[in-house]
Undergrad: 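The structure that follows is given in the form of C-alpha cells.
Note on naming: letters A, B, ... go to the chains in the order of the sequence lines (proteins, then strands), and numbering restarts at 1 for each one. Owing to the predicted nature of the structure, the values given are computational and were not obtained by experimental measurement.
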Amino acid sequence: MRFVRVAAALLVCGVAAAQVGEKAGADSRRSAGYPSYQQANTLFVEKKFPEALNALDAALRLDPKLVPALTLKAKLAMALDRYDVARECLERAVAADPLSAYARFLYGFQFFKQNELPEAIQSLEKARQLDPKDPRPALYLGLAQESLGRTADALRSYREAIGLGEASGKLETDMLLSCSRLLLLLGDFEECGRLVARALKLDPKSRDAHFESARLRLKQGDGGGAAREGELALQFHTGDVSERQVHFLLIQAYQSSGREGDAARHAVALRALEQQVQK
Amino acid sequence: MPFARKVSIFAGVWASLAMAPAQIRFEEIARKAGLDFRLKNAAAGRFHQVELMLGGVAAFDFNNDGCMDLYFTNGATLPGLRKAGPEFYNRLYRNNCDGTFTDVTATAGVAGEGYSMAVATADFDNDGLCDIFVAGVNRNILYRNLGEGRFQDVTAKAGLSGVDARRGKMWSISAGWFDYDNDGWLDLFVSNYVEWDPAKEPACGPSDGPFYCHPNAYRGLPNQLFHNNRDGTFTDVSGISGIARHVGKGMGVAFADFDGDGFTDVFVANDSVRSFLFRNQGNGTFQEIGLEAGVALREDGNAIAGMGADFRDFDNDGLPDLVVSGMINDGFLLFRNLGKRSLFEDYAQRSGLRMGTRQLTGWSLGMYDFDNDGWRDLFFALSHFPALDRFIGRSSALANGVFRNVDGRRFEDVSAGAGADFQKAAMHHGAAFGDFDGDGRIDAVVTTLEGPVKYFHNITPDGGHWLAVKLRGKKSNRQGLGALVRVTLPDGRSLYGHATTSVGYASSSEPLVRFGLGSAKTVKRLEVRWPGGGTQEITGVPVDRIIEIEEAGGPPK
C-alpha cells in the first residue's frame, strides 16, 4: 500500500548514480571479490542489470561481507522491486560495516520506499550522523517526516538538505522542490516561489520545476502564467511529474483563464494517455 | 424570482451577524440506546480486499413514526461469502422514539445474504414507505417495505441483482437513489469497485509482513444505473446512459444539481484513479466531465484513494460544493463550485482542510451544521487500514474528526473539544446522519470494523435555531429527493439545501433538508424547487421544528 510520495526517478538518478562515486575503502579494494564488484558497477551504470547481478553474486561468493557489492546489489534489487532482497543485503552491509554512511542511508531509503516510516527515520538519522555533509539523508528524512505529519521537522530537514547541497556542490532540484511543495501546502507562497525560481535556475529544463511554478501561479490566481509554465513543463521530460499531471493542471489553468478550447484539448490528451495505459 | 445561484450579496452582513461559536460536542450512547450491532468482516490474516471496505449504515424512518431508524450492513464468511450465522446478519433497529432502539431484524426479514457492503434507502415505489437497497460483493438486495414492520426481497422481480451480462455480479460498494429523468420515480445508481475473486487474491506487502494489496492490483469496474419502470421493475440503462463507458474503482456516491439545469448530477469518488462527475444532460444520458470541472484529481494531478463524498453547499452561495475523504497523506479534497463553466476550484488548501487531514484516513463523512450556526460543518469517520500500525508506527485506530465551518471560508478542527467519548479511537467506517432524538441537533451513527457501533448524540450547547424540511412529492418522487430548498432569513440572508439520502461512504442518511439558522428566530420565506421544476413558496415559517411540505397540484401517485 503506497501512502508516501515517492520520487521514483530518484532511485535511478540520485541513488543509483551515487554508487559510481561511492568510494570503496582500502579493505574493500583488497577484497578477493573487489574485481567482480567493479565489473558489476560498470555493468550497472550501463543498465545491464542481469549481467551486473551475476557479477555481484560472484563478488559476494568470494567475500560475503563486501559492503560496496552488498549496497549495489540492494540498489539493483530495489530497481527490480525486490525489496526483500534489498533489505537482506543492507542488513548484511550495516552489520559488516556499522560506520558505512552510505549503507545506512540505503537501509533507511528502502524502509522509506516500503512505507515503513519510523524505521526509515531511525536509519536516515543514523546515516546523517555518520556523514553530516551528505544532503541525501536529510532530504529523505524530510520526506519521511512529512509523511508522518511532522511538518516542522520536515521543513527543517529540507532546509538542511538544501544547505548541505549548496555547500557540497550537490544541490539538486528535488531538494528545492520537496521544500517548495510543502510550503505551497502551508500557504507560504513567497518562500515557495523563491525555491521554485532557484530550481528553475538550477535546471531550466526540469519538468518538475516548471510544473511547481505552474501550480504556484494557479494558486495565486494567475491562470495565464500557470498555462505558460505548464506548457513548458510538457516540453521537458526529466523528473517525476507525469504528463497526466501536467495536462490536468493545464485544464485548470485554461479553464480559469476562460480558454475552454485549450482546456478541452488537454482533457482529450489526458484521456488519450489513459487509454494508452489501459491498452 | 429565480432560484438564486449567485454569491449572496449578504455575505458580509452574514459574517458580521454570526453568533458566537459553540463548541460542537457529542456523547456516545449506543449501548444505552440499545444499539448492540457489531460489524464483522471475518478477517483471518489472508488480507482479502473486501475485509477493508464494509460498514454501510442507513438512517431512515421505515415505520413513519417520525423517528429515524437504523439499518446496518454486515460481512460474511471468507472465502465463502455466506452469512453463516447471526453474527453476520444485517440488522434493522427500530427507533422507539424514547431514546432507545429495538432490533427488529427477524420480524422485518432483512438479515440479508452474502457479503454486504452498503445500503441506500428511499421510497422507490412511491407508496409512502421507505425501502432498502443493499449493495454487496456477491449479492445485491432490494427489500420492499410492506408496512407493519415487514419487508419483502423483491430483487429478482425488480431486476436489481446487479448481475451484468458480460461481467457477472460485480462487487458493489455504494449505491444511491435519485430521479435522473425527473419522471417522479426514483432510479438507482450503483457504484462498483474492482474485479475480485477470493480464490485469486494477490499477495502483497513485504515478505516478512503481508498486507492488503493496492487497488492497482485489481481491474476496475463500471458503475450501473437502473431506470425505474414505475411498476416495481427496473431497466439497466448503464450502457445507453453513458455511465458504463467509464471504468473506475467506485467508492462513495453523491448527488446534486451542480449546474442548476434542473437535472440531478452524480459524483463518484474513485479509489486511486480519477473520480467521475457525471453531468446529467437531461435526455437520459450523462457526460463524464470530472477533468474539465477540476474534481477528477487533486490539484497536483494525482489521484487520491477517494472514499466518502458529500455534495452540498458549504459557503452558502447556493452552489453545491464537494468534499471527498481519502487516505493518509492524500489530504481530503474540498472543491468549491464556482458556478461558471461547470468549474470547481480546489479549496482544500485554502480552507485548511488539506493539511488538517493529511494524517487521516477517512471513510464515511457528512457535511451538516452540527452547531446550527448557519454554516455546514464536516464530520469524518476515521481509521487507517488494519495492520497499518507497523508502517506508520502508531495505531490504525483513530478518533473521528469534526471540523467547524468558519464563515464558509475555512474549516477548523474542533475534534479535541468534542467530548471525551469523541476522543476514543476505533476502526470507524460507515456513518449515517440524522436527528434521532428530535432535538434539532444532527447526530451521527458510526460503524467500527470488528467492533460495536457508536451513536454520537449531539449535545452541542448554545447552538443556533434550526429548521428541517420534510418533503412530500406528488408529481415528484414521494420523498422529494432532488428538490432544492432555499430559506431566506428576516435580514435577507439565504441558505440552500437539497434533499438526498446519499451521503458519505456506503451509507444513507435521513432525507430531510436541514438548516442551522444561527440567531434567526424565524424564516421569512421558504422556497422549494421540486425535481420536475415546479416551485412553491411559504412565508413566515416558524423555526426549531420539522415542517412538512407537500407538493402542490395533481393527485399523489
Side-chain angles (χ1 to χ4, degrees), chain A residues 1-5 82-85 87-88 110-111 114-122 146-151 181-182 184-187 211-212 214-215 218-219 221 230 241-252 254-256 258 260 263-264 266-271 274 277-278, chain B residues 52 204-209 211-217 219-220 247 272-274 288-294 296-303 305 326-331 338 340-346 348-350 352 354-355 358-361 384-385 387-394:
Chain A
M1 204 56 65
R2 173 170 289 189
F3 55 88
V4 293
R5 187 168 53 75
R82 286 295 307 271
Y83 281 84
D84 52 339
V85 175
R87 183 171 301 187
E88 191 211 333
Q110 63 82 29
F111 277 125
Q114 288 293 87
N115 296 318
E116 294 179 56
L117 301 173
E119 290 85 352
I121 287 174
Q122 203 179 0
E146 187 183 342
S147 297
L148 284 177
R150 291 166 52 184
T151 306
R181 287 186 191 106
L182 181 53
L184 186 71
L185 286 179
L186 293 169
F211 179 74
E212 293 306 322
R215 279 181 74 201
L218 195 57
K219 277 265 179 264
V241 173
S242 66
E243 264 186 60
R244 192 182 80 153
Q245 285 175 270
V246 184
H247 283 304
F248 185 67
L249 183 138
L250 282 165
I251 295 168
Q252 314 312 308
Y254 284 124
Q255 286 270 33
S256 70
E260 287 178 64
H266 285 284
V268 168
L270 198 159
R271 289 193 171 99
E274 286 182 342
V277 171
Q278 279 169 13
Chain B
L52 291 173
C204 297
S207 56
D208 59 342
F211 196 61
Y212 296 99
C213 292
H214 188 277
N216 289 347
R219 285 174 191 273
V247 172
S272 305
V273 294
R274 66 179 166 86
E288 202 288 296
I289 60 157
L291 288 173
E292 291 81 354
L297 297 162
R298 200 171 57 193
E299 57 82 30
D300 62 359
N302 284 314
M327 195 178 163
I328 182 169
N329 280 314
D330 280 341
L338 298 175
K340 53 184 179 185
R341 299 191 299 277
S342 302
L343 188 64
F344 289 72
E345 76 170 315
D346 187 321
Q349 184 267 331
R350 208 187 312 174
R354 175 93 182 263
M355 285 306 285
R358 260 185 122 196
Q359 286 301 298
L360 307 177
T361 298
H384 299 307
F385 292 168
L388 195 70
D389 312 40
R390 64 173 288 203
F391 296 96
I392 55 174
R394 52 184 186 251

Undergrad: With a 4.5 angstrom heavy-atom cut-off, could you sort out which part of Ala305(B) is near chain A: side chain, backbone, both or neither?
TA: neither
Undergrad: How many angstroms lie between atom CD1 of Ile328(B) and atom CG of Leu360(B), to the nearest 0.5 angstrom?
TA: 8.0 Å
Undergrad: Answer whether the closest heavy-atom distance between the side chains of Asp346(B) and Gln252(A) falls below 4.5 Å.
TA: no
Undergrad: Taking side chain as everything from C-beta outward and backbone as N, CA, C, O, which of these in Ile251(A) sits under 4.5 Å from a heavy atom of chain B? Side chain, backbone, both or neither.
TA: side chain
Undergrad: Indicate the ring-plane relationship of Tyr254(A) and His266(A), choosing parallel, tilted or perpendicular according to the 30° and 60° boundaries.
TA: parallel
Undergrad: With a 4.5 angstrom heavy-atom cut-off, could you sort out which part of Leu343(B) is near chain A: side chain, backbone, both or neither?
TA: side chain
Undergrad: Checking heavy atoms, do the side chain of Leu182(A), its backbone, both or neither come under 4.5 Å from chain B?
TA: side chain
Undergrad: Do the non-hydrogen side-chain atoms of Tyr212(B) and Leu388(B) ever get within less than 4.5 Å of each other?
TA: no
Undergrad: Select one option (side chain, backbone, both, neither) describing which atoms of Glu274(A) are under 4.5 Å from chain B's heavy atoms.
TA: side chain
Undergrad: Do other residues, nucleotides or ligands put more than 12 heavy atoms under 6.0 Å from Glu119(A) CD?
TA: yes
Undergrad: Please classify the contact of Gln255(A) with chain B as side chain, backbone, both or neither, using a heavy-atom distance under 4.5 Å.
TA: both
Undergrad: Using 4.0 Å as the upper bound for N to carboxylate O, is an ion pair formed by Arg354(B) and Glu299(B)?
TA: yes
Undergrad: Under 4.5 Å between any side-chain heavy atoms of Gln245(A) and Arg215(A), yes or no?
TA: no
Undergrad: With only heavy atoms counted, which part of Ser242(A) is less than 4.5 Å from chain B, the side chain, the backbone, both or neither?
TA: neither
Undergrad: Can you tell me which portion of Phe111(A) sits under 4.5 Å from chain B's heavy atoms? Options are side chain, backbone, both or neither.
TA: neither
Undergrad: Quick one: does Asp300(B)'s side chain get under 4.5 Å of Leu184(A)'s, heavy atoms only?
TA: no
Undergrad: Given a strict heavy-atom distance threshold of 4.5 Å, which part of Ala267(A) is in contact with chain B: side chain, backbone, both, or neither?
TA: both
Undergrad: Taking every heavy-atom pair that is under 4.5 Å apart, which of Leu185(A), Asp84(A), Val241(A) has the most such pairs with chain B?
TA: Leu185(A)
Undergrad: Of the backbone (N, CA, C, O) and the side chain (C-beta and beyond), which part of Leu270(A) lies under 4.5 Å from a heavy atom of chain B, both, or neither?
TA: side chain
Undergrad: Which bit of Leu186(A) is near chain B, if near means a heavy-atom gap under 4.5 Å: side chain, backbone, both or neither?
TA: both
Undergrad: What part of Gln359(B) is in contact with chain A, defined as an atom under 4.5 angstrom from a non-hydrogen atom: side chain, backbone, both or neither?
TA: side chain
Undergrad: Under 4.5 Å between any side-chain heavy atoms of Arg181(A) and Glu146(A), yes or no?
TA: no
Undergrad: For Arg394(B), which atoms come within 4.5 Å of any heavy atom of chain A: side chain, backbone, both, or neither?
TA: side chain
